[in-house]
> 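The structure follows.
Throughout, protein chains are lettered first and strands after them, A, B, ... in sequence-line order, and every chain is numbered starting at 1. For the numbers below, each heavy atom of this structure counts, side chains included, while hydrogens, waters and symmetry mates do not. As the structure is a computational prediction, the values presented were derived from the model and not from experiment.
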Number of protein chains: 2
Amino acid sequence: MDDMDWALLRELQADARLSYSELSRRVHLSPPAVAERVRRLETTGVLTGYHAHVDLAKAGRHVVAMIRMSCYGPHCVLRDPKVLDWPEVLEIHRVTGDACSILKVATRSMEEFESVIDRLAPYGQPSSSMVLSTPLRWRTVLP
Amino acid sequence: MDDMDWALLRELQADARLSYSELSRRVHLSPPAVAERVRRLETTGVLTGYHAHVDLAKAGRHVVAMIRMSCYGPHCVLRDPKVLDWPEVLEIHRVTGDACSILKVATRSMEEFESVIDRLAPYGQPSSSMVLSTPLRWRTVLP
DNA sequence: GATGAAACGAACACGTT
DNA sequence: AACGTGTTCGTTTCATC
């Protein structure tokens, strides 16, 4: 993880579709050298994937919320792998504090959101914060 | 936004670096037609960007937290554009409820995290939930 | 890590429905 | 208006130094 690796990470975080040739011009390295470094960042797990980001509202997910789950001991959502497959659940973080986890959820409607809450309730007490807007959607990680 | 657009969104969310040729094979459409559709999804704002995702711990950000800010009226973090530029702040969501916003923060150390809390305190009361692990980092948005 | 050759993909104009 | 075909040019990849 030298300066060159960080330069590649910076560029690929900003635009994951940059070609190796374009990357080579930006970091001043030959295309094969760039390809080898990127492959190494992938295999070592520093780069976990390349993802197109979608505008949730424009994709029909008009209701977005952060849900803090305070679970009933052994019934915790974190212990049920089925929750990982619910299409409305976009992220799950295990956290410290009163809640055991924070879920990011996006649904097409309030009715659909209500059904998610109904499915979550058996695991514990959900506390929902509806997302009004997202002033900062994403930031590049720098050294 | 027909089935073909959704097929392209699905593939690009899973792997943003797929070539137009590879996409054309997967959705059974010619490469120029794929390129035109993807360009349209970009210009209409459905696709907001292509980003390489980085493992925070492997990138040296060992401390990750979700911080709920309960701000003092006019001093709200959402009203100060400077906060958008803090490199430790990866996401900001404006939400309903007791808190006015939720921030995702990642720092190299607890000392650095403490300094973020010190910088946030003037805006309101920060309530931090440290992220222990992330069982679901990201999910593809489907129709 | 750089270079050069060969295979592959992207981009444009054009023709088709 | 949306898609397919062609050629041209740029990109990826592998062998080699």
> If you find the nucleotide of DNA chain C closest to A:Arg17 and the one closest to A:His28, which residue's nucleotide is nearer the 5' end?
A:His28

> Output yes when A:Arg25 and A:Glu11 qualify as a salt bridge under the 4.0 Å nitrogen-oxygen rule, no when they do not.
no

> Could you give the CD-to-P distance, from A:Glu22 to D:dT11, as a whole number of Å?
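In whole Å, D:dT11 P and A:Glu22 CD are 8 Å from each other.
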
> Measure the distance from CD on A:Glu36 to C1' on C:dT3 and round it to the nearest whole Å.
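Nearest whole value for this atom pair: 15 Å.
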
> Which whole-number value in Å describes the distance from B:Leu41 CG to D:dA2 P?
12 Å

> The side chain of B:Leu29 lies closest to which of these nucleotides: C:dG1, D:dC3, C:dG9?
D:dC3

> Looking only at side-chain atoms of A:Ser21, point me to the closest of C:dA10, D:dT11, C:dA2.
D:dT11

> Before you tell me yes or no, could you show the steps for B:Asp15 and B:Arg17 under salt bridge (charged side-chain N to carboxylate O under 4.0 Å, His left out), namely the whole-Å CA-CA distance, both residues' side-chain angles and the distance that decides it to 0.1 Å?
CA-CA 5 Å; B:Asp15 184 358; B:Arg17 285 183 69 74; over 6 Å; no

> Rounded off to whole Å, could you give me the CZ-to-C1' distance for the B:Arg40 and D:dC3 pair?
12 Å

> Could you tell me whether A:Glu22 and A:Arg26 have a side-chain N and a carboxylate O separated by less than 4.0 Å?
yes

> Give none if D:dC17 has no partner; otherwise give the nucleotide forming a Watson-Crick or G-U wobble pair with it, both distances under 3.5 Å.
C:dG1

> Under 4.0 Å, heavy atoms only, any strand: does A:Arg37 hit a base, just the sugar-phosphate, or nothing?
sugar-phosphate

> Is the base of D:dG6 syn or anti, if syn means a glycosidic angle within 90° of 0?
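It is syn.
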
> OP1, OP2 of C:dG9 versus side-chain N and O of B:Arg25: anything below 4.0 Å?
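Yes.
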
> Of the nucleotides C:dA11, D:dA2, D:dT13, which has the atom closest to the B:Tyr20 side chain?
C:dA11

> Expressed in angstrom and rounded to an integer, what is the separation of B:Met1 atom CE from D:dA2 atom P?
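One finds 15 Å between P of D:dA2 and CE of B:Met1, rounded.
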
> What does A:Ser19 touch in the nucleic acid at a heavy-atom separation under 4.0 angstrom: a base, only the sugar-phosphate, or nothing?
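Here A:Ser19 touches the backbone only, sparing every base.
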
> With the side chain of A:Pro32 defined as its heavy atoms from C-beta on, choose the nearest nucleotide among D:dC14, C:dG1, D:dA2.
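Among D:dC14, C:dG1, D:dA2, the one nearest the side chain of A:Pro32 is D:dC14.
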
> Output yes when B:Arg119 and B:Glu88 qualify as a salt bridge under the 4.0 Å nitrogen-oxygen rule, no when they do not.
yes

> Round to a whole Å and report the spacing from CG of B:Leu18 to P of D:dT12.
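Rounded to the whole Å, the gap is 14 Å.
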
> Does C:dA13 pair with anything, Watson-Crick or G-U wobble, both distances under 3.5 Å, and if so, with which nucleotide?
D:dT5

> Taking atom types as modelled and ignoring hydrogens, do the side chains of B:Glu36 and B:Tyr20 form a donor-acceptor contact shorter than 3.5 angstrom?
no

